[in-house]
Amino acid sequence: MSDQSVSRSKGTARREWLSFLFITLILLPGITVLGVGVYGFTVWLLQMIYGPPTGSL
Amino acid sequence: MSLKSTLSSFWNTVSRPATTISLGVISLGGFITGIIFWGGFNTAMEFTNTEEFCVSCHAMRDNVYVELQSTVHWENRTGVCATCPDCHVPHEWTNKVARKMQASKEVWAAVFGTINTREKFEARRAELAKHEWARLEANNSLECRNCHDYDSMDWNAMSAKARFYMEPAAALDTGCIECHKGIAHHLPDNVAVGSPAMAKLENKANSGSLSVGKDYFAIRDIPVFDSADGTEPVGNLTLGAAIEVLDENNNRVQFALKAWRKDKGFGRVIFDEFGHNIRVAILSKDTAQDASLVEVSAPQTDEATGLDWAPVTVTLWSDKQGFVDEIDELWNVAEESYTANCSTCHAQPDPDHFGTNSWPAQFNGMVGFTNMDEAQANLVLTYLQKHSADYSGSH
Amino acid sequence: MSTRREFLKSSGAAGLSAVLGPSLLQPTTARAEKLTSVGSWKTTGSHWGAIEALVKGGQVAEVRPLADDPHPTDMINGIKDLIYSPSRVRYPMARAEWLDNRKDADRTTRGDNRFVRLTWDEALDLFFKEMERVQISHGPSGLYAGATGWRQTGQFHSCINHMNRAVSMYGGYVKKAGDYSTGAGQTILPYVLGSTEVYSQGTSWPLILENAKNIIFWANDPLKNLQVGWTCETHEPFEYFDQLKDKIAAGDIRAISVDPVRTKTQKHIGAEQLYINPMTDVAFMLALAHTLYSEGLHDEEFLSIYTLGFEPFMAYVMGEAEDGVEKTPEWAAPICGVPVDTIKEFARLLASDRTQLIFGWSVQRQQHGEQPYWMGAIIAAMLGQIGLPGGGISYSHHYSGIGVPTSGASMPGAFPLNLDIGVNPVRSDDNFLGASSTIPVARWIDCLMNPGGTVEHNGHTVTYPDIRMAIFTGCNPFHHHQDHNKMRVAIQKLETIVAIDYAWTATCRHADLVLPACTQFERNDIDSYGSYSRSGVIAMKRLVDPLFHSKTDFEIFSLFCRRFGRETEYTRGWDEMEWIESLYETTRSANEGSFEMPSFEEFWENGIVRFERGEPWVRHADFREDPEINALGTPSGFIEISSRTIGNFGYDDCGEHPKWMEKIERSHGGPGSDKFPLWLQSCHPDQRLHSQMCESDPYRATYAVQDREPVYVNPYDAAERGIENGDIVRVFNDRGQLLAGAVLSDDYPRGVIRIYEGAWYGPVDATPGSLDTYGDPNTVTLDVGASKLSQATSANTCIVEIEKFEGDVPAVTAFGGPNTV
């Protein structure tokens with residue numbers, strides 16, 4: 001590993017915190033919700049083609 | 001800052017190890033926000049699964065919710081009640097989520113007021129009911145079984161009447177909805193809540209998967225057309241008609257019906273077999289006399305009546321729904337109906353007690369004493385004719 | 001009387017009360033059923049109409065018709081004494097001789113009325129043991145359980161269903177086809193008009209009154225017969241007959257009764273009479289057809305579009321067939337007693353305007369009974385008015401309110417006759433040993449006399465089974481079957497006869513084991529109000545508890561099934577009120593969306609739910625409109641004036657088309673009339689329902705003559721024989737003899753006497769041929785099949801002589817129950 005120390009520019013902390021909050025409170029929740037939504041729509045579409053769930057696995 | 005620079009700044013920050021925030025803070029923070037999110041997500045999801053939420057839509061609140069309140073699922077001896085999601089929202093997660101997405105339709109309805117008056121709701125009641133019946137029929141009444149389990153039923157604690165119906169149902173693992181339609185909300189008008197066996201048959205027939213070159217039977221009257229895209233029916237097949245599929249086009253098939261007709265009159269009635277008054281189709285006058293649609297061969301004389309009968313091949317189109325490849329199940333339904341309806345006053349005669357052409361007269365004389373509607377009566381009569389002395393070779 | 005608490009308990013309603021909201025459980029002051037010290041009024045239904053009964057001290061004190069019965073029948077006055085008749089079957093009884101020796105007992109003494117009282121357990125054990133013995137040793141062909149009768153009303157307690165279901169729980173048995181009411185008619189009309197017709201709704205009276213110009217009552221007396229109904233009778237048609245009476249008086253409608261006798265209907269509405277010799281209707285109608293054809297009055301277009309086989313029939317009429325006889329009015333007049341000109345005028349009248357033909361059932365209860373009905377249809381076809389309002393032909397306007405439009409509501413079903421799905425009988429043996437499993441009902445005596453013999457019936461050959469045991473419930477063959485003396489000999493073949501009834505009829509008297517059923521007034525039930533009009537559903541409240549040791553048929557057969565472990569399958573574990581409620585609820589759901597029905601509790605309290613009268617309707621109109629799509633149920637789909645199907649059977653007594661065939665015996669110049677010049681007409685009674693209510697002693701006293709059944713005689717015929725009004729006369733022929741009380745009346749022409757059927761048979765002793773003391777006409781009637789087609793009853797083919805009875809008059813033995821030893 002090189003001897004370089006990690007550069008810390010002014011505002012790194014702020015950027016990192018904002019990114020952290022953005023990711024954890026907006027981005028990932030959003031993707032999750034969207035993902036679940038897409039999953040749901042897909043299952044619904046498949047149910048329309050292949051019929052409603054039969055209750056057995 | 002511009003979008004591009006924001007994005008690149010963001011990318012720079014997240015693609016490198018954190019420098020100011022410790023690993024512990026990031027992990028803990030992620031964990032906590034994850035929990036908060038999942039909790040929030042589920043709370044929001046579950047909020048949409050409450051009775052409160054469902055009846056916030058006044059179409060629900062003023063119609064089916066009111067109807068529920070006079071039933072046993074609302075108030076009963078033991079105080080165990082059901083709310084909307086218990087029955088109407090699948091409990092299993094994947095299906096639940098799918099249903100939530102499907103709820104976009106309900107959102108649309110709420111926004112555009114599709115059923116926002118009593119009249120509009122009543123007009124769609126049958127359609128909505130059928131959606132739920134189909135869902136419950138497909139999963140064998142899974143939602144009901146979340147509370148009502150056959151294995152937990154104490155037969156001795158039931159009334160004799162309840163036990164008489166429930167024990168055989170349990171043995172067959174019959175889905176609750178097959179008999180208990182209308183248990184929580186009013187039944188739609190004029191929807192025949194008929195026998196479960198017939199409903200199963202109808203489901204099968206409505207799948208509409210027919211192959212060219214194969215033979216099928218109609219389980220009910222089916223309108224027929226003179227072309228693949230004709231809009232006005234030119235007649236109908238009647239139940240029991242046996243067709244061979246020649247061609248298909250969208251939701252229609254072209255079929256050949258090999259049958260007979262009498263030479264007296266316009267030839268609109270098509271019969272199953274020579275000399276047998278079992279109908280398989282009724283055509284309009286124009287169609288019956290159109291040689292391109294009804295090919296007529298040389299007639300033969302029926303000694304029993306002196307009438308001439310001509311073999312015909314009827315080539316027309318129909319929708320794909322309403323056919324099955326085996327007709328026996330339909331006759332089983334008919335037999336049950338016959339036994340139940342025709343023994344109120346006297347023991348019903350065996351089907352082979354009369355000949356095919358004697359049954360209509362006997363039936364006409366007796367059907368007025370039963371409560372069968374026209375479709376049911378027709379089903380029973382056709383069954384009797386197809387199982388008459390002429391087919392069984394007895395008497 | 002059911003208090004609210006009893007009702008809830010008996011309907012197992014612990015769960016039910018959970019469903020009802022609290023408001024329905026408040027005590028209700030039942031309007032009519034309040035118990036007080038002067039008694040309470042309860043409502044119920046009956047064949048005679050809906051009634052209210054005052055019950056005081058556990059006894060029925062008074063019976064009156066329901067207030068809105070538009071035309072109650074006088075017979076209501078007989079109901080109370082039907083319940084309390086000395087002829088009630090009180091206890092289970094066994095014939096003394098049979099009890100001692102069972103299947104080896106001396107059977108020639110059947111009818112001596114000597115019986116031993118048993119307990120229920122003893123009786124039911126015997127009943128089961130006998131059935132088991134017969135089934136094991138002879139199989140199903142050894143047991144005859146072809147019940148046929150008017151039973152009592154009430155859909156749950158329908159005794160026919162109870163007996164059949166219970167016996168079927170054990171094994172198979174010989175059944176019957178046809179009935180005594182319309183045997184010939186219901187067999188021929190499917191071939192001609194495509195339906196049995198006789199039990200079918202007919203053109204509505206409002207349309208007949210509006211459109212018909214001529215109404216022909218052919219051997220039909222509706223005002224007599226409409227007093228009773230198959231289910232609870234509403235008497236709705238009577239208002240139409242009053243309207244008809246006005247129209248006749250005003251000259252709007254001409255009504256003619258074709259009948260040797262002046263009927264009750266004819267007299268009330270002011271119709272004219274066209275006299276005709278008994279049993280000669282076919283000759284008369286052939287001459288009518290001849291006239292219509294010769295004068296070009298027949299509707300050629302109708303005949304060509306709607307019928308088949310006119311030509312071969314007309315060839316016969318015009319003398320071009322084998323017999324070479326032209327059926328002119330001149331040919332017919334000496335046979336039928338109608339003058340030539342009258343025949344021609346009548347034909348012209350029928351063709352002149354809208355004409356409604358209405359036939360009664362008596363005319364087909366004779367030898368060749370199919371022929372007059374077939375001819376009637378042909379006349380109607382020649383007139384070309386079938387399917388028009390006020391035109392065409394009816395065979396049923398005298399029955400159970402036919403002619404009142406149907407409401408369209410569903411009516412209650414009945415206690416199931418069949419086994420429930422998944423229930424199997426104890427014995428699954430279906431080997432009838434080469435014999436038929438079904439016999440024509442009116443040939444059961446021939447069957448007993450000729451096991452293994454064959455007979456033609458409606459296109460097939462019936463092989464008579466070797467019957468050893470018979471069960472009769474709510475059914476009295478010693479009323480409805482002919483030639484009682486022949487019967488008494490024939491039944492000696494049977495090892496065991498079981499009768500279940502509430503009154504000690506002649507059938508009970510000739511049985512081996514008699515079980516007491518209770519009357520319908522001693523049990524709860526539900527019925528349709530208006531068999532055809534379907535005007536409502538009526539609750540039948542139990543008036544009093546079962547008398548003596550009688551039980552409901554439900555209880556009798558539950559206990560019976562217990563003997564072979566099928567009690568729960570028979571009852572489903574439900575009790576009386578649960579069954580009744582179930583029948584009600586099924587009706588209610590069938591009517592949902594079309595006809596409002598209240599909750600069962602409300603219905604039971606109010607006693608009746610009514611439906612709006614339906615729309616008037618025309619019989620055969622749809623066929624007339626489109627005979628191709630709405631084809632008749634005949635083999636060809638058209639009206640068959642000639643029937644090749646029947647022709648192919650090759651029967652000498654019912655051929656390809658109607659023919660005049662001389663009868664085996666006939667008055668007015670026919671065979672045997674030199675020795676027995678009087679025709680005995682035994683039609684349905686005016687003051688009974690068949691044999692029901694004959695045992696209501698005070699009511700019978702209002703019409704009996706010196707305690708005997710009346711015989712109506714023409715005054716000249718009486719004078720010739722030295723018979724005066726009120727004399728006891730002996731009516732006799734080679735088949736038997738009976739005593740009756742003479743009533744002289746101008747309503748009867750020379751050569752015709754009438755004794756109403758249903759008069760109880762009371763022979764002096766067990767010897768076949770012994771004198772009947774009360775006056776049952778079937779002591780002297782002829783037991784022969786109407787023809788090979790129907791094998792129906794020929795009760796009205798009967799000639800007799802009468803004489804004033806001299807010597808000691810024996811006491812009437814028909815009533816009062818058994819002699820207990």
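Residue numbers start from 1 in every chain, and the chains themselves are labelled A, B, ... in the order their sequence lines are given, proteins ahead of strands. Since the model is a prediction, treat every value here as computed from it, not as a measurement.
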Name the region of [X], side chain, backbone, both or neither, that has any atom closer than 4.5 Å to a heavy atom of chain B.
X        : value
C:Arg534 : side chain
C:Ile421 : side chain
C:Asp179 : neither
C:Ile160 : side chain
C:Gln201 : neither
C:Asp420 : side chain

Exercise for review: Using a 4.5 Å cut-off on heavy atoms from C-beta on, say whether the side chain of C:Thr438 contacts that of B:Asp350.
Suggested key: no
Exercise for review: Verify whether one side chain among C:Ser528 and C:Thr231 offers a donor that lies under 3.5 Å from an acceptor in the other.
Suggested key: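 C:Thr231 and C:Ser528 do have a side-chain donor-acceptor pair below 3.5 Å.
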Exercise for review: Consider only side-chain N and O atoms of B:Ser284 and B:Arg268, and report whether a donor and an acceptor are under 3.5 Å apart.
Suggested key: no
Using non-hydrogen atoms and a 4.5 Å limit, figure out which bit of [X] sits close to chain C: side chain, backbone, both or neither.
X        : answer
B:Lys262 : side chain
B:Thr71  : neither
B:Phe266 : both
B:Arg279 : side chain

**Study point:** CD (B:Gln69) with more than 12 external heavy atoms under 6.0 Å
**Key:**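 Count over threshold, so yes.
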**Study point:** Heavy atoms from other residues, nucleotides or ligands near CZ of C:Phe649 exceed 12 (cutoff 6.0 Å)
**Key:**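 Yes.
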Top of [options] for chain B proximity - count of heavy-atom pairs under 4.5 angstrom:
options                                : value
C:Arg572, C:Glu628, C:Glu197, C:Arg151 : C:Glu628
C:Thr571, C:Asn591, C:Thr196, C:Asn648 : C:Thr196
C:Leu308, C:Ile629, C:Thr406, C:Thr568 : C:Ile629
C:Ser195, C:Gly637, C:Ala177           : C:Ser195
C:Ala409, C:Ser410, C:Gly413           : C:Ser410
C:Gly573, C:Ser636, C:Gly422, C:Ser200 : C:Ser636

Under 6.0 Å between ring centres: does that hold for [X] and [Y]?
X        : Y        : answer
C:Phe415 : C:Tyr570 : yes
C:Tyr532 : C:Tyr199 : no
C:His162 : C:Phe156 : yes
C:Tyr306 : C:His620 : no

For each of [options], tally heavy-atom pairs with chain C at distances under 4.5 Å, and name the one with the top tally.
options                                : result
B:Gly267, B:Gly182, B:Pro168, B:Ala162 : B:Gly267
B:Val367, B:Thr356, B:Asn277, B:Asn341 : B:Asn277
B:Gly306, B:Ser358, B:Gly355, B:Pro349 : B:Gly306

Check your understanding: Charged N to carboxylate O below 4.0 Å: is that the case for B:Arg125 and B:Glu67?
Key ->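 Result for this pair is yes, salt bridge flagged.
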Review point. Charged N to carboxylate O below 4.0 Å: is that the case for C:Glu656 and C:Arg644?
Key: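 Judged by the 4.0 Å cut-off on N to carboxylate O distance, C:Glu656 and C:Arg644 do not form a salt bridge.
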Review point. Do the side chain of C:Ser589 and the main chain of C:Glu585 share a donor and acceptor less than 3.5 angstrom apart?
Key: yes
Practice item. Evaluate the ring planes of B:Phe271 and B:Trp309, with Trp represented by its six-membered ring, and classify them as parallel (under 30°), tilted (30 to 60°) or perpendicular (over 60°). Key: tilted
Practice item. Quick one: sort the C:Trp574 and C:Trp579 rings into parallel, tilted or perpendicular, breaks at 30° and 60°. Key: tilted
Revision key, fill the gap. Given the options C:Asn458, C:Thr634, C:Thr645, C:Tyr191 meets side-chain hydrogen bond (donor to acceptor under 3.5 Å, both in side chains) only with C:Asn458
Check your understanding: Taking only heavy atoms into account, what residues of residues 378-386 of chain B are found under 4.5 Å from chain C?
Key ->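 The residues closer than 4.5 Å to chain C amount to none at all.
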